[in-house]
Amino acid sequence: MRIGELARRTGVSERALRYYEEQGLLRPERLPSGYRVYTELDVAAVRRVRLLLAAGLSTAQINEALPCMVDEDELLQPKCSGLVDALAAHRDRIEEAIGELESTRANLNALIGRARPVG
DNA sequence: ATTCTCACA
DNA sequence: TGTGAGTA
């Protein structure tokens with residue numbers, strides 16, 4: 001299938017699909033015309049990428065993680081222990097960020113409080 | 001009609 | 001990442 005069909009089937013824009021290729025996440029064949037050709041496997045590949053992206057990983061991190069993951073009955077799971085640790089570290093950093101955001105929110109709430117607009 | 005690359009009021 | 005341009 002070409003990029004248009006893959007885009008429809010995955011719900012991912014053609015723009016994003018080309019970007020994933022540029023980032024080494026997808027390696028479609030090329031027709032002599034230059035058109036990209038994807039296989040059924042790419043449909044699953046795009047879903048894995050989206051999942052990892054949704055988990056907050058960068059394309060570079062996804063490239064490192066992907067080869068260390070296995071698709072087992074509908075879910076993507078870490079295959080190497082090192083990856084589990086890296087993912088856990090990533091989660092910890094996110095929790096730190098959440099903590100900072102909560103603090104920022106508290107400061108904003110204090111600033112807003114029962115402020116009465118004057119001008 | 002589709003896809004491709006490149007560039008950004 | 002979207003969008004538009006100019007092609008093949």
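This structure is a prediction, so every number in the text was calculated from the model and none was measured. Just so it is clear: chains get the letters A, B, ... in the order the sequence lines come, proteins before strands, and each one is counted from 1.
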**Q.** Paired nucleotide for C:dG6 [Watson-Crick or G-U wobble; both distances under 3.5 Å]
**A.** B:dC4
(Q) Without decimals, in angstroms, what is the distance between A:E5 CD and B:dT2 P? (A) 12 Å
Q. Salt bridge (Lys or Arg N to Asp or Glu O under 4.0 Å): which pairs involve residues 69-94 of chain A, sequence neighbours left out?
A. A:R48-A:D71
Table please: side-chain donor-acceptor pairs of residues 3-11 of chain A below 3.5 Å, with sequence neighbours left out.
unit_1 : atom_1 : unit_2 : atom_2 : d
A:R9   : NH1    : A:E40  : OE2    : 3.4
A:R9   : NH2    : A:E40  : OE2    : 2.4
A:T10  : OG1    : A:L6   : O      : 2.8
A:T10  : OG1    : A:V12  : N      : 3.2

Q: Give a yes/no on whether any side-chain N or O of A:R36 is located under 4.0 angstrom from OP1 or OP2 of B:dC4.
A: yes
Q.
Please report the interatomic distance CG(A:L53) to OH(A:Y20), rounded to the nearest 0.5 Å.
A. 5.0 Å
Q. Side chain to side chain donor-acceptor pair (under 3.5 Å) with A:Q77: which residues, sequence neighbours excluded?
A. none
**Q.** A:I3 CD1 - B:dT3 C1' separation (whole Å)
**A.** 8 Å
Q: Taking only heavy atoms on the protein side, list every residue of residues 21-32 of chain A lying under 4.0 Å from any atom of DNA chain B, sorted numerically.
A: A:R30
Q) Rounded to whole angstroms, how far apart are CZ on A:R8 and C1' on B:dA1? A) 13 Å
Q: Begin from the C-alpha positions of A:E21 and A:R27 and carry the test side chain to side chain contact (heavy atoms under 4.5 Å, CB included) through to its verdict.
A: CA-CA 6 Å; A:E21 174 182 7; A:R27 349 199 61 105; over 6 Å; no
Q) Would you call A:Y19 and A:T59 a side-chain contact if the rule is heavy atoms closer than 4.5 Å? A) yes
(Q) Please say yes or no: joined through hydrophobic side-chain contacts below 4.5 Å, possibly via intermediate residues, are A:L51 and A:L17 part of one cluster? (A) yes
Q) How would nucleotides 1-8 of chain C be written as a contact map, 5' to 3', with B for base contact, S for sugar-phosphate-only contact and - for no contact, using protein heavy atoms under 4.0 Å? A) BBB----B
What donor-acceptor contacts under 3.5 angstrom involve side-chain atoms of residues 101-119 of chain A, with partners at least two apart or in another chain?
unit_1 : atom_1 : unit_2 : atom_2 : d
A:T104 : OG1    : A:E100 : O      : 3.0
A:N107 : ND2    : A:S103 : O      : 3.4
A:N109 : ND2    : A:R105 : O      : 3.4

